[in-house]
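When reading the values below, keep in mind they use all heavy atoms of this one structure, side chains included, and skip hydrogens, waters and symmetry mates.
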Amino acid sequence: MIVELTEEDIKFKYITPAIENVGWDKDNVFYEYYITNGAVQVRGDKVTRGKRKKADYVLTYGVNKKPLAIIEAKKMNYSIGHGMPQAMEYAQMLDVKFAYSSNGKGFIE
């Protein structure tokens, strides 16, 4: 029986250890970082919010935790670069210069 790893499995088993192994301090890595509060949706007299956008990882630096890079994770059945459009969108929203995507097999910048 073949068990397919979830995106959470990929992050836990491969991506987080890779980030830590290259020297990132856990205090400078934010996991599941919300970038937006969700679009405001008005229907009649009801106001709700849409789905919030969140990055899988935001790498920061300095005492002010300034965002430096975004990492988007995908399951292994996707290509390494599958998350790049999403990572680039989030990087632009946070005004950071580095965007990465990973499926656990490697990283692309």
Side-chain angles (χ1 to χ4, degrees):
M1 178 174 141
I2 297 175
V3 176
E4 184 177 324
L5 298 177
T6 66
E7 185 176 297
E8 292 303 312
D9 293 332
I10 300 299
K11 290 190 283 190
F12 179 74
K13 292 181 178 190
Y14 299 103
I15 299 174
T16 299
I19 291 168
E20 293 171 357
N21 287 339
V22 296
W24 280 95
D25 183 338
K26 289 181 183 181
D27 290 337
N28 288 323
V29 179
F30 292 114
Y31 307 92
E32 302 296 320
Y33 184 86
Y34 283 100
I35 294 173
T36 68
N37 290 326
V40 175
Q41 301 170 341
V42 180
R43 290 192 179 99
D45 60 349
K46 286 191 165 195
V47 178
T48 59
R49 288 218 175 247
K51 187 176 178 182
R52 298 168 71 185
K53 292 185 179 191
K54 66 180 174 181
D56 291 315
Y57 298 88
V58 175
L59 307 180
T60 68
Y61 70 96
V63 292
N64 295 332
K65 307 290 185 202
K66 181 166 174 47
L68 178 65
I70 300 290
I71 303 174
E72 274 306 307
K74 296 298 176 195
K75 294 185 345 182
M76 279 189 181
N77 59 329
Y78 291 109
S79 69
I80 292 172
H82 187 78
M84 277 309 292
Q86 187 178 0
M88 290 171 57
E89 175 189 359
Y90 293 169
Q92 186 175 29
M93 292 170 81
L94 289 177
D95 194 27
V96 300
K97 296 183 187 273
F98 301 98
Y100 300 89
S101 176
S102 178
N103 65 356
K105 295 178 185 175
F107 290 82
I108 189 169
E109 178 182 30

Separation of Asn21 CG from Thr16 OG1 (nearest 0.5 Å):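 Spacing of OG1 (Thr16) from CG (Asn21) equals 10.5 Å.
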
Distance (rounded to the nearest 0.5 Å) between Phe30 CZ and Leu59 CG: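 That separation rounds to 10.5 Å.
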
Lys13 NZ: over 12 foreign heavy atoms closer than 6.0 Å: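 It does not: Lys13 NZ has 12 such atoms or fewer within range.
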
Are [Y] and [X] connected into the same hydrophobic cluster when the rule is that any two of I, L, V, M, F, W, Y join if their side-chain heavy atoms are below 4.5 Å apart?
X     : Y     : value
Leu68 : Ile70 : no
Ile15 : Trp24 : yes
Ile35 : Val29 : no
Met76 : Ile71 : yes

Partner set under salt bridge (Lys or Arg N to Asp or Glu O under 4.0 Å) for Lys54, not counting sequence neighbours: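 Checked Lys54 against salt bridge (Lys or Arg N to Asp or Glu O under 4.0 Å); matches are Glu32.
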
Listed partners of Tyr14 passing ring-ring contact (aromatic ring centres under 6.0 Å, His included), at least two apart: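 Once residues adjacent in sequence are excluded, Tyr14 has no partner under the ring-ring contact (aromatic ring centres under 6.0 Å, His included) criterion.
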
Results of side chain to side chain donor-acceptor pair (under 3.5 Å) for Lys75 - residues two or more places apart only: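 So Lys75 forms a side chain to side chain donor-acceptor pair (under 3.5 Å) with Glu4.
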
Non-neighbouring partners of Thr36 that pass side chain to side chain donor-acceptor pair (under 3.5 Å), sequence neighbours left out: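 Thr36 satisfies side chain to side chain donor-acceptor pair (under 3.5 Å) with no residue once adjacent residues are dropped.
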
Pairs satisfying side chain to side chain donor-acceptor pair (under 3.5 Å), at least one member in residues 98-109, at least two apart: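 Qualifying pairs: Tyr100-Glu109.
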
Closest heavy-atom pair and its distance - Val58, Pro67: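 Smallest interatomic distance, heavy atoms only, reads CG1-CB, 3.9 Å.
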
Smallest separation among heavy atoms of Pro17 and Lys11, with atom names: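 Scanning both residues, the minimum pair turns out to be CD-O, 3.9 Å.
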
Listing, residues 87-99 side-chain donor-acceptor contacts under 3.5 Å, not counting sequence neighbours, or none:
from	atom 1	to	atom 2	distance (Å)
Glu89	OE2	Lys53	NZ	2.4
Tyr90	OH	Gln86	NE2	3.1

Positive for side-chain contact (heavy atoms from CB on, under 4.5 Å) with Glu8, one of Leu5, Ile10, Thr6: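 Answer after filtering Leu5, Ile10, Thr6: Thr6.
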
Pairwise ring pair (Phe, Tyr, Trp, His ring centres under 6.0 Å) hits with a residue in residues 38-79, at least two apart: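 Only Tyr31-Tyr57, Tyr78-His82 qualify under ring pair (Phe, Tyr, Trp, His ring centres under 6.0 Å).
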
side-chain contact (heavy atoms from CB on, under 4.5 Å) partners of Asp25, counting only residues at least two apart: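 Residues passing side-chain contact (heavy atoms from CB on, under 4.5 Å) with Asp25: Asp27, Asn28.
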
Backbone N/O of Met84 and side chain of Glu72: donor-acceptor pair under 3.5 Å: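 Not a single qualifying donor-acceptor pair exists.
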
Pair up each side-chain donor or acceptor in residues 40-51 with any protein partner under 3.5 Å, not counting sequence neighbours, and list the distances.
from	atom 1	to	atom 2	distance (Å)
Gln41	OE1	Thr48	OG1	3.4
Arg49	NH1	Gly38	O	2.7

